[in-house]
Amino acid sequence: MSQEWLAITIGTILVNNFVLSKFLGICPFLGVSRKLGPALGMSGAVIFVMTIASFFASIINNFILTADISFTIGSYHIAGNLIFMKTLVFIAVIASLVQVVELSLQKLSPPLYASLGIYLPLITTNCAVMGCALENAKTGRGILYSTVFGFCTGIGFAIALILFASLREKLDLAKVPKPFEGMAIALVTAGILAMGFTGFSALVK
Amino acid sequence: MPVTVRLFRGGVHPKEGKELSCSEPIRTAPLLDKYTVILHQHIGAPPKLLVKNKDKVRKGQVIAEKAGFVSASVHSPTSGTVKLVNCHGPAGSHTPAVEITSDGKDEWDDYVKSDPDWEQLDSNECRKRVEQAGIVGMGGAAFPTSVKLSPPADKKIDNLILNGAECEPFLTADHRLMLEEGEKILTGASILGRILGVDKISIGIENNKQDAIDKLRETASKYSVEVIPLRVMYPQGAEKQLIFAITGREVPSGGLPMDAGCVVQNVGTAAAVADAVRERKPLIERVTTVTGKPVCNPGNWKFRIGTPLSKVLELAGGIKKQPAKMLLGGPMMGMAQYSLEVTIMKNASGVLLLDEDEIAQFGSQPCIRCGRCVEACPMSLMPGTLSQMIESEKFDLAEYTNVMDCIECGSCAYVCPALRPLVQHMKRGKAEVIANRK
Amino acid sequence: MLDLVILSAVLVVCMGIVLGLTIGIVAKVFEVKQDERIELVEEELPGANCGGCGFAGCSDFAKAIVGGTATPDQCPVCAEESVEKISKILGLETEPNKVKKVAVVLCGGDKNNAKFEAGYNGINDCKSAVLIGSGVKGCKYGCLGLGTCARACPFNAIEIKNGLAVVHPELCVGCGKCIETCPRNLIKFVPETVRIHVFCNSPEKGPAKKKVCSVACIGCRKCWKNAEENQIIMKGFLARVNYDFPPPPEIVEAAGCPTGCLRRTDGD
Amino acid sequence: MAEGKKTDIKLPDPSKLIVSSSPHLHNGSSVRKIMWLVILALMPSCIMGVYYFGFAAFRVLAVCVISSLIFEYIFARMMGRNNDWKDGSAIITGLLMGMLLSAGMPWWVCVIGCFIAIVFGKQVYGGIGFNPFNPACVGRIALIIAFPKMMTTWVPTRFMDKSFFVFDKSLLSPEKIEQIKGMSHLPFFHSVIDGVTCATPLGVVQTPFKLGTATEQLVGTVTDWQHVWQYAIGNIGGCIGETSAIALIIGGIFLIAMKVIKWYIPVSYIGTVAVFSTIVHFSMSPPALPGMVYQVLTGGLLIGAFFMATDMVTTPMTCKGGIIFGVGCGIITCVIRNWGGYPEGVMFSIVLMNALTPLIDRVTANRPFGKKQTSKTEA
């Protein structure tokens with residue numbers, strides 16, 4: 001049992017890192033990695049949102065989408081399930097979830113909002129959250145398992161983002177040649193970082 | 001006798017080069033026909049000029065008086081006629097100066113006479129005499145001594161440290177002074193101690209000057225001064241490092257020695273204080289080492305303030321061959337000069353000529369992050385990283401990374417394999433940070 | 001088949017209602033007042049949250065704009081109209097066009113005609129060089145020629161010619177970035193139409209200047225005598241073109257400046 | 001001012017003086033000296049490699065060094081830094097690249113590796129001093145990802161008992177062999193299955209361990225002292241430069257003695273691997289993973305620890321940071337070696353820790369003198 005949890009943790013954080021081996025969530029990965037401070041904020045926000053998004057998405061998935069429906073209205077007999085709707089449903093749920101979280105944080109905990117709040121809207125467009133929910137739906141994991149998976153994915157994202165941000169801060173001092181300045185060198189760096197992470201491949205079957 | 005050897009963190013050990021001049025006794029330079037005394041010789045506000053063209057002055061007469069708290073008076077080095085000029089200062093810029101053409105009589109002003117009752121003077125009177133004599137830190141920083149002697153009431157000073165470390169390579173002026181005028185230094189030390197009301201006076205000397213340590217130890221106990229041998233390591237004579245080596249206290253970042261309860265004075269300053277209090281002599285001459293391989297006769301001289309470098313080098317017999325660098329001060333912190341008009345100032349501890357094969361040739365290679373500067377830095381900074389920040393003009397980052405704690409000792413640039421002009425980077429960074437703060 | 005379509009439609013409608021209501025209620029319950037300009041600014045921004053401005057997304061950037069820590073033109077995506085609209089929201093009126101001003105380096109002492117008193121070994125940067133022996137150039141007011149201004153110019157309008165910075169007026173857009181970089185304060189803004197300058201900035205006495213530079217203004221007043229009143233201003237030993245009331249370019253020939261310090265820039 | 005005209009006393013000519021910032025002395029060290037000392041330190045293992053693998057090894061090394069120099073020259077010139085190629089750092093990168101390849105490597109793979117190492121590992125970041133990752137590690141990782149088969153096929157040494165480490169199928173039961181064949185998509189299996197020439201001991205021995213199929217016999221073979229001696233002198237399959245442990249240790253100690261590298265990174269790195277592998281070896285029920293001596297002496301650990309993890313540009317500056325770096329490298333290496341998909345984890349661990357270096361530097365920065373009076377003095 002404990003090995004299973006170890007596998008999911010290590011597997012999600014290092015081996016199948018969403019950013020560096022699945023290339024999901026690249027937008028904030030490149031966008032919010034100029035400085036370490038914002039990167040930390042973004043990481044916190046992503047972990048937070050991914051965890052709760054996975055939780056809600058898996059509830060919806062397990063209780064609504066995968067539920068077999070079979071009833072009769074008048075002469076119509078309706079039977080089947082709505083699993084094919086998962087992408088659409090998850091988009092709507094995650095987007096509104098983020099909105100709700102942002103709005104409530106702004107009121108309930110201004111300090112937390114100040115540190116996370118500005119990153120929350122960005123997460124709406126973060127495909128990693130969506131990917132995480134879909135991955136959970138695909139494997140048909142339970143709610144607890146899905147939530148842990150979401151949390152670990154968030155951690156993996158955070159590790160990649162923080163590493164990358166600290167590298168980019170260092171690159172600020174480098175005399176990068178003109179054609180490679182800015183995003184070009186950032187992408188080269190991200191590539192090398194991803195190559196480094198392939199070392200962990202097959203660590204967990 | 002226990003040999004206490006104290007040390008600080010970091011530092012470097014350049015070749016000493018002191019053998020050129022350390023056995024040469026101090027000679028007094030003959031009277032010249034002309035002296036050019038720069039007015040602003042110290043840290044702080046420039047003094048107020050008191051003479052005008054064609055005025056007659058006498059030796060020791062005040063030609064510019066202290067203006068402001070952190071400032072110092074300037075006195076005439078001889079008797080003669082005044083001419084106001086602009087002269088080439090040691091920092092390279094043209095700066096107002098007073099040219100005094102000697103009348104050959106070399107007459108002291110009336111107020112300069114020895115005072116047999118000096119031991120009865122109270123501390124305020126002593127401090128006043130130090131102030132009137134225009135004494136500034138003679139080790140190099142040229143900080144007005146009277147200011148150091150007037151700490152704010154809330155700072156308790158319990159330690160007076162005399163700096164006889166002379167950690168700069170090549171220089172031997174303090175060494176000779178300690179050997180030849182030890183009594184005067186110790187007298188000055190006890191006067192300074194009395195002014196500050198400290199319980200402990202110590203004098204730190206690097207133990208490559210064993211003869212000076214022995215010599216001072218003979219009589220030090222009479223003046224209740226403790227002689228402390230220090231390990232040979234540059235920058236042992238930097239204020240903060242010296243305080244740490246002797247007392248184990250750290251001067252807080254951005255603070256002054258008084259924040260650690262200490263006052264540090266150069267041994268030369270102590271001797272000048274003794275002269276000022278006992279004989280009311282103003283600071284118009286100092287001991288300076290003239291040395292370097294290209295110099296014909298390296299030695300230690302007592303020059304009057306205002307002696308131009310051309311005369312200094314003439315007295316030392318001229319040069320054997322063209323040097324690559326002419327420095328005022330030691331090789332690690334001294335300033336490179338390019339004019340023979342530059343004159344000896346109150347803080348000129350040495351005039352040093354360096355050969356081409358001795359000097360550092362700076363380049364513009366990038367930092368390879370070898371970390372040697374980090375190891376060498378006595379202030380535990382990251383000079384390499386700082387210089388990169390300053391190079392890419394990230395001054396706020398540099399300020400955050402403590403560039404202002406740099407003491408510009410040069411240890412980092414001395415060891416840098418990429419030959420980066422790290423001290424110049426630091427100077428730039430500090431200048432920009434100060435400019436930004438305003 | 002139809003049944004599932006209907007079912008999905010029902011699901012989407014339900015979801016829409018539930019989620020919409022939730023957000024609406026939460027928004028009402030947890031309403032926080034904020035500067036309404038932020039919202040207006042945010043509307044004008046592209047909303048791509050690309051982070052190209054250096055902030056975490058458009059709303060953060062909008063806050064920074066309203067807070068005054070950022071300017072609208074930092075957004076690399078925004079169209080110019082949006083930038084203008086944002087400026088309007090903030091009440092930042094763009095100034096009416098004045099006469100175009102360009103920078104000029106008021107020094108003529110290049111490596112051939114100005115004296116360098118010693119060799120310099122250090123950072124290739126004027127601001128750093130002045131900290132060491134005040135720069136080794138004989139003239140303490142002249143251009144050091146290490147190119148700090150040229151590197152600061154985003155339009156490559158400054159060229160270092162033989163150890164002297166020269167502004168190309170046709171490339172200069174008058175952004176003024178070079179002016180603050182010069183440690184000697186040699187770079188001045190002048191109207192583009194004036195193409196005649198006294199290329200010297202040293203207030204020292206004539207003979208002293210002559211010793212270190214062959215093209216210094218020695219204060220002979222020839223140009224001053226040949227110009228109408230106030231066209232040339234004399235400040236001690238230094239002549240200055242009055243840029244508000246410039247002399248005609250022909251004065252260069254008429255005056256015959258002995259050192260060639262007074263020159264036209266349209267000739268070459 | 002009056003010049004000394006009356007006498008024949010010579011005074012300096014001011015116009016020939018040089019003005020620069022203090023300090024005016026220098027200890028004479030230079031980047032070039034450091035680089036050539038590293039090259040010198042790499043020589044023993046290069047010579048051993050050529051001795052064991054013959055001319056083929058020399059060819060690979062030469063191709064790598066020359067192509068690295070050419071790439072460095074071309075790209076440094078393109079970016080306006082004309083003197084970069086002279087400092088010897090490209091030779092080091094080339095040598096390391098060559099030393100990390102098998103002697104049987106085709107020349108074009110060497111050239112591609114060097115191109116990635118020099119251009120993407122270093123030049124695009126602005127040349128020496130600015131690259132966040134060790135160029136040779138980057139080149140090597142790119143190759144192992146791009147050419148997994150070639151990169152795990154090894155040539156036996158000239159003196160090897162050819163059957164010495166050739167995978168012996170008799171050690172496994174037939175169904176296990178089937179199981180292995182089923183997993184041959186993993187990057188190191190083809191060498192096992194095909195029995196091509198010779199596998200690096202690390203690769204071949206770990207496979208059965210990872211699959212839980214190792215037998216007593218195999219464990220015995222691995223820990224045999226006679227074999228340990230073979231690892232130490234380098235008479236085993238593997239890369240050109242990583243075989244001879246003794247030659248590498250001599251080079252490393254030379255560098256430490258010359259104060260080019262700091263002792264704490266190699267010591268903490270190798271120490272961590274030793275401790276970690278010992279713990280794993282004894283804590284697992286037999287057959288356990290290969291033991292400490294084996295882990296330390298074979299594979300790329302020594303070359304990595306002495307020559308790549310100590311690359312100044314990409315590693316932390318402080319002692320504390322260096323130790324963290326070494327320990328991190330050690331742990332990642334062991335994890336990848338023992339449980340990962342690749343037989344060797346040294347290069348990956350160094351690149352990953354390179355990525356962590358800015359963070360480590362930030363955390364382990366020295367306390368500036370005089371900051372925070374409360375903490376104890378550290379003389």
Side-chain angles (χ1 to χ4, degrees), chain B residues 7-9 12 14 34 169 240 248 250-253 255 308 310 313-314 317-319 322-327 331-336 338-341 353-354 358-360 362 365-371 374 378-382 402 405 408 410 413-415 417-419 421 423-424 427, chain D residues 1-4 7-27 29-35 81 83-84 87 89 126-130 259-260 262 311-319 321-322 357 361 365-373 377-379:
Chain B
L7 203 61
F8 55 96
R9 186 203 169 279
V12 291
K34 219 186 254 176
K240 293 179 178 180
E250 285 189 23
V251 178
S253 163
S310 51
L313 292 173
E314 238 169 68
I319 54 166
Q322 172 70 26
K325 265 187 188 173
M326 178 166 72
L327 310 176
M332 297 300 280
M333 287 186 80
M335 278 188 278
Y338 52 96
S339 167
L340 291 169
E341 265 181 44
L353 301 187
L354 288 175
E358 291 174 298
I359 59 167
F362 295 116
Q365 278 173 287
C367 169
I368 57 162
R369 289 172 41 87
C370 64
V374 179
M379 298 303 287
S380 300
L381 305 177
M382 313 270 271
N402 306 308
D405 284 327
E408 297 176 24
Y414 175 76
V415 297
L419 292 160
V423 175
Q424 198 178 2
K427 283 184 175 160
Chain D
M1 278 321 296
E3 300 286 326
T7 52
D8 55 349
I9 288 174
K10 252 173 62 188
L11 291 181
D13 175 2
S15 65
K16 286 186 188 145
L17 293 173
I18 297 169
V19 174
S20 78
S21 163
S22 59
H24 305 284
L25 298 179
H26 193 266
N27 67 356
S29 62
S30 75
V31 174
R32 200 178 297 183
K33 261 186 210 165
I34 292 176
M35 295 300 168
R81 292 183 308 267
N83 290 324
D84 267 25
D87 64 16
S89 59
I128 183 171
F130 298 122
K259 296 194 173 156
V260 172
K262 308 287 171 0
D311 170 21
M312 301 151 175
V313 179
T314 55
T315 52
M317 291 221 255
T318 56
C319 173
T357 298
D361 260 340
N366 287 330
R367 177 185 66 91
F369 185 87
K371 287 259 167 178
K372 276 184 245 147
Q373 279 284 286
T377 53
E378 42 167 27

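Proteins get letters first, then strands, A, B, ... in listed order; numbering begins at 1 in each.
- Chain D forms more heavy-atom pairs under 4.5 Å with one residue of B/A336, B/G255, B/G371, B/G317 than with any other, namely B/A336.
- Heavy-atom minimum distance, D/S29 versus B/V415: OG-O, 3.3 Å.
- From D/M312, atom CE reaches atom SG of B/C367 across 10.5 Å, with rounding to the nearest 0.5 Å.
- Pairing each heavy atom of B/A360 with each of D/P23, the nearest pair is CB-O, 4.1 Å.
- Taking B/D405, B/V12, B/N402 one by one and counting their heavy-atom pairs under 4.5 Å with chain D, the maximum is reached by B/N402.
- The residue among D/K16, D/M317, D/K33, D/K259 with the most heavy atom pairs within less than 4.5 Å of chain B is D/M317.
- You'll find the side chain of B/K325 reaches within 4.5 Å of the side chain of D/S20, heavy atoms only.
- Of the listed residues (B/P366, B/A418, B/P378), the greatest number of heavy-atom pairs within a distance under 4.5 Å of chain D belongs to B/P366.
- For chain D, the nearby part of B/L327 is the side chain; its heavy atoms alone come within less than 4.5 Å.
- No donor-acceptor pair closer than 3.5 Å links the side chain of D/H26 to the backbone N or O of B/L419.
- For the atom pair D/F369 CZ and B/S253 OG, the distance stands at 10.5 Å (nearest 0.5 Å).
- For the atom pair CD of B/Q365 and CZ of D/R32, the computed distance is 8.0 Å after rounding to the nearest 0.5 Å.
- The contact between B/M382 and chain D is made entirely by side chain atoms (from C-beta outward), counting heavy-atom distances below 4.5 Å.
- Both the backbone and the side chain of B/Y338 come within less than 4.5 Å of a heavy atom in chain D.
- Of the inter-residue distances, the one linking D/K10 atom NZ with B/E314 atom CD reads 14.5 Å to the nearest 0.5 angstrom.
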Trace of the side chain to side chain contact (heavy atoms under 4.5 Å, CB included) decision for D/L17 with B/Q322: CA-CA 8 Å; D/L17 293 173; B/Q322 172 70 26; 3.9 Å; yes
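- When each of B/G410, B/P417, B/P169, B/A413 is scored by its heavy-atom pairs under 4.5 Å with chain D, the top score falls to B/P417.
- Only the side chain of B/K427 comes within contact range of chain D, with heavy atoms under 4.5 Å apart.
- For the set B/I359, B/L313, B/I319, the entry with the most heavy-atom pairs within less than 4.5 Å of chain D is B/I319.
- Residue contact with chain B, scored on non-hydrogen atoms closer than 4.5 Å, involves the side chain of D/K262 exclusively.
- With B/R369 contributing its side chain and D/T315 its backbone, the two residues share a donor-acceptor pair below 3.5 Å.
- For B/P323, the parts lying near chain D are the backbone and the side chain together; criterion is any non-hydrogen pair under 4.5 Å.
- Nearest heavy-atom pair across D/P12 and B/L340 is O-CD1, 3.7 Å.
- Both the backbone and the side chain of D/L25 come within contact range of chain B, judged by heavy atoms closer than 4.5 Å.
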